[in-house]
Amino acid sequence: MDEQPRLMHSHTGVGMAGHPGLPQHMQEGTGGTDGDGRKQDIGDILQQIMTITDQSLDEAQARKHALNCHRMKPALFNVLCEIKEKTVLSIRGAQEEEPPDPQLMRLDNMLLAEGVAGPEKGGGSAAAAAAAASGGAGADNSAEHSDYRAKLSQIRQIYHTELEKYEQACNEFTTHVMNLLREQSRTRPISPKEIERMVSIIHRKFSSIQMQLKQSTCEAVMILRSRFLDARRKRRNFNKQATEILNEYFYSHLSNPYPSEEAKEELAKKCAITVAQVSNWFGNKRIRYKKNIGKFQEEANMYAARTAVNAANASSHGSQANSPSTPNSAGGYPSPCYQSDRRIQ
DNA sequence: GGATATGATTTATG
DNA sequence: CATAAATCATATCC
């Protein structure tokens, strides 16, 4: 809207005399006689154009309409078109290319990798699988994970809503501007290139806003990750049953407490934890046992007794009325001392 | 609240 | 790569 008076001033108002783009009949001096009425006409029109900004909008609208209907309008318009063509050509120079922003690409890639952008990934299938695999025992673990997933999808949803909002606003604005330009193109020459450029400017602006959104979404995801996926921060003790199973194995293999890969897998399954966790547990247990055997003596005795009783039960099942609740009363079980022949290397 | 227990991670080693 | 050892960071106990 504000370009109209400027254009008129700079090209039509002042620089008119002798402009190379102007047709012959408009470049004549004031001395001519037969073109006098016509010149007066043009002068009037130009005067009207010049004063258009001083008028109220309604008045201007009316003037515009009047100008539009004026018989000289097509001729003048053609002149303007010519001028425009020349000046626009000189304005438009080395600015058209637009390389993809590496920063934006980085953000996009990350959002895609985190599953925030892109298509909805298989809803809860991973969580369901985890819950199924862990049975009832590892429920807290999967619950924690689902909490993480819930937060992530929350972020995802906000991100998409905002993105959509921006997109919509961008489209609305673009349409609005294009309508304006189209409307203005009746009174001033507007090339398709110009419209294109305007649209691309708008899109650039909006995409820079989008980048901010992506940036903050990335930050949110990062914070979420560090909060939830750093297991050290959310350490959970294994449940009683799991530690019993692990201890049982440890003390019954005290001479060589290094479960094979298969044994680890078995233990992991029984305890509803991962193989890595089993390895961690044994690593911790070995070093801590070795460091302070005395402290573990009682525990060692207890588990040794229990396995002894279990063995006895298994070997002579049914014949004896035994009570598994009195393991300590049974004397003579092998004491799990830290001796040279059952060394941890 | 601090002491201790404990699961996970890091670092070093062969 | 598996493990030992040190270390971290939280959980749990008292």
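Heavy-atom basis, side chains included; hydrogens, waters and symmetry copies ignored. In this text, all values refer to a predicted model and were calculated from it rather than measured experimentally. A, B, ... follow the sequence lines: proteins, then strands. Residue 1 opens every chain.
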Which whole-number value in Å describes the distance from A:Asn284 CG to C:dT7 P?
14 Å
Taken to the nearest whole Å, CD/A:Glu265 to P/C:dA2 is 12 Å
Integer-rounded Å distance: C:dT3 C1' and A:Asn256 CG
13 Å
Looking at A:Lys290, does any N or O in its side chain come under 4.0 Å of the phosphate oxygens OP1/OP2 on C:dA6?
no
How about A:Val275 and A:Glu261: do any of their side-chain heavy atoms sit closer than 4.5 Å?
yes
In whole angstrom, give the distance that lies between atom CG of A:Asn292 and atom P of C:dA5.
14 Å
Over how many whole Å does the gap from A:Glu262 atom CD to C:dA2 atom P extend?
12 Å
Atom pairs, N/O to N/O, protein against nucleotides 4-6 of chain B, distance under 3.5 Å?
{"residue": "B:dT6", "atom": "O2", "partner": "A:Arg235", "partner atom": "NE", "Å": "3.0"}
{"residue": "B:dT6", "atom": "O2", "partner": "A:Arg235", "partner atom": "NH1", "Å": "3.3"}
{"residue": "B:dT6", "atom": "O2", "partner": "A:Arg235", "partner atom": "NH2", "Å": "3.0"}

Distance-only polar pair, side chains of A:Gln210 and A:Glu162, donor-acceptor under 3.5 Å
no
A:Phe296 backbone acceptor or donor facing A:Glu299 side chain under 3.5 Å:
no
Please determine if A:Lys270 and A:Glu265 form a salt bridge, counting it only when a charged side-chain N lies under 4.0 Å from a carboxylate O.
no
Can a salt bridge be assigned to the pair A:Glu196 and A:Lys193 using a cut-off of 4.0 Å between side-chain N and carboxylate O?
no
Distance in angstrom units between A:Lys264 NZ and C:dC1 P, rounded
13 Å
Whole-Å distance, A:Arg286 CZ to C:dA6 C1', equals 16 Å
Does the plane of the ring in A:Tyr289 sit parallel, tilted or perpendicular to the ring in A:Phe250? Use 30° and 60° as the thresholds.
perpendicular
Residue-phosphate contact under 4.0 Å: A:Gln277 side-chain N/O, B:dA8 OP1/OP2
yes
Starting from P on C:dA11, measure out to NZ on A:Lys240 and report it in whole angstrom.
18 Å
